[in-house]
Amino acid sequence: MRSPRVGRSGQAVQAAVPLYGFQPPVGTPYGLEVSTVEDFFAEHDDWPWNPPRPGRATFHYLILVTEGELLHDVDHVTRTVACGQWLWVRPGHAQCWHPPGAARGLFILFEPDVLTSDAARLLAPLTAHEAPAVLSPHPDDAAWLRQTALQLLDEHRALGRRRLDVHHALRRSLLESLLLRLASSPDVTSDGALAGGTGRRDTYARFADALELHFRELHRAADYAGLLGCSVRTLSRAARDVTGKGVREVIDERRLLEARRLLGGAGWDARAVAVHLGFTDPANFGRFFRGHTGLTPAAFAAREARTGM
């Protein structure tokens, strides 16, 4: 955990949401761990759900809910994952656990470099930070995905039966097969990142990179079109093809996400957040935030404090 820092208003604020590295059990090889939701909770009394508190991870984790219903916060939004759905939390997402209750499921954690370069390239739309957190596979794929996940769990637990390099190759092959099949979920392919042409996907990828660098000070589509050397119309088409949203909506969502993180996990006050995100007047930030969330910044921060986020 980093030490506290001072916000622009001068008040001391909490450190950023802590970042957790990959720490599998001793003897687990090569950045991949497979378990069940129930076993994971039973084995980690000190994990950030006791009490629930936010965190970010350097690795991916997926949960297939096989019984009940799982609640999980991803980037300060509570997601409901029904039986048969998959939750995917990607590196860098702010997330917070809820007690699992009656939920049961298969739990897969892996570091990005576990994937081969070819698989990583094919899976880029699915591993991207902005890809859907909850996936509903096509009914024709659901049984296959569950069976493959069970085979992956079985192979993970078979450590010692085979040579270590063969054991890891089998686990990686099963993981990549599962993810590639999951990539055909309607959530991903319908009007999503795979739908646009290659040129528009490339334009949007460049825009997304520029947005991460400049969302605090650049807020217009024309600003980013100028950076990328394309027209606003070209950028708008790329954003619409990849996300189904306009450029301004994508920019606003990124600013809103940062505001949620700072007001909730980092404990900044509204005035400091407004300045940080380039609002000339805190009142304008208040209207922006309330228009998107239905809450004032102060009410949102108070709610997050009550729920431990």
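Legend: residues meeting ring pair (Phe, Tyr, Trp, His ring centres under 6.0 Å) with Phe285, ordered by chain and number and at least two apart, are Phe279, Phe289. Remark: His60 pairs with Trp88, Phe110 by the ring pair (Phe, Tyr, Trp, His ring centres under 6.0 Å) rule, at least two apart or across chains. Looking at residues two or more places apart in sequence or on another chain, you find a side-chain contact (heavy atoms from CB on, under 4.5 Å) between Ala221 and Val232, Val247. Residues satisfying the ring pair (Phe, Tyr, Trp, His ring centres under 6.0 Å) test with Phe207, not counting sequence neighbours, are Tyr204, Tyr224.
His93 places a side-chain N or O within donor-acceptor distance of the main-chain N or O of Arg90, the cut-off being under 3.5 Å. Under a 3.5 Å cut-off, the side chain of His219 and the backbone N or O of Leu277 do form a donor-acceptor pair. Not a single donor-acceptor pair under 3.5 Å links the side chain of Ser173 to the backbone N or O of Ala169.
Across every non-hydrogen atom of Arg162 and Leu170, the tightest pair is NE-CD1, 3.6 Å. Here the closest non-hydrogen pair linking His276 and Glu258 is NE2-OE2, 4.3 Å. Closest of all the heavy-atom pairs between Thr203 and Leu228 is O-CD1, 4.1 Å. Across all their heavy atoms, Ser136 and Pro186 have their closest contact at O-CD, 3.3 Å.
Taking Ile, Leu, Val, Met, Phe, Trp and Tyr as members and joining any whose side-chain heavy atoms lie under 4.5 Å apart, directly or through other members, Leu257 forms no hydrophobic cluster with any other residue.
Residues Phe300 and Trp268 keep their aromatic ring centres 6.0 Å or farther apart.
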Less than 3.5 Å apart, which donor and acceptor atoms pair up between the side chains of residues 113-126 and the rest of the protein, not counting sequence neighbours?
from, atom 1, to, atom 2, distance (Å)
Thr116, OG1, Ala119, N, 3.3
Thr116, OG1, Glu176, OE2, 3.1

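In this structure, the side chains of Arg255 and Phe288 come closer than 4.5 Å at one or more pairs of heavy atoms.
Cation-pi geometry between Arg254 and Phe215 is met: under 6.0 angstrom from the ring centre, within 45 degrees of the axis.
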Arg260/Asp75 under side-chain contact (heavy atoms from CB on, under 4.5 Å): CA gap, chis, key distance, verdict: CA-CA 8 Å; Arg260 288 174 178 270; Asp75 280 334; over 6 Å; no

Derivation of the salt bridge (Lys or Arg N to Asp or Glu O under 4.0 Å) call for Arg248 and Asp252: CA-CA 6 Å; Arg248 181 57 183 268; Asp252 284 352; 3.1 Å; yes

Stepwise, does the side-chain contact (heavy atoms from CB on, under 4.5 Å) test hold for Leu62 with Leu179? CA-CA 10 Å; Leu62 292 87; Leu179 298 182; 3.8 Å; yes

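Of the residues Leu109, Leu70, Leu106, the one that meets the side-chain contact (heavy atoms from CB on, under 4.5 Å) test with Ile63 is Leu70.
Taking the six-membered ring where the residue is Trp, Phe40 and Phe107 present perpendicular rings, their angle passing 60° and hence far from 30°.
Of the inter-residue distances, the one linking Leu227 atom CG with Asp209 atom CG reads 12.0 Å to the nearest 0.5 angstrom.
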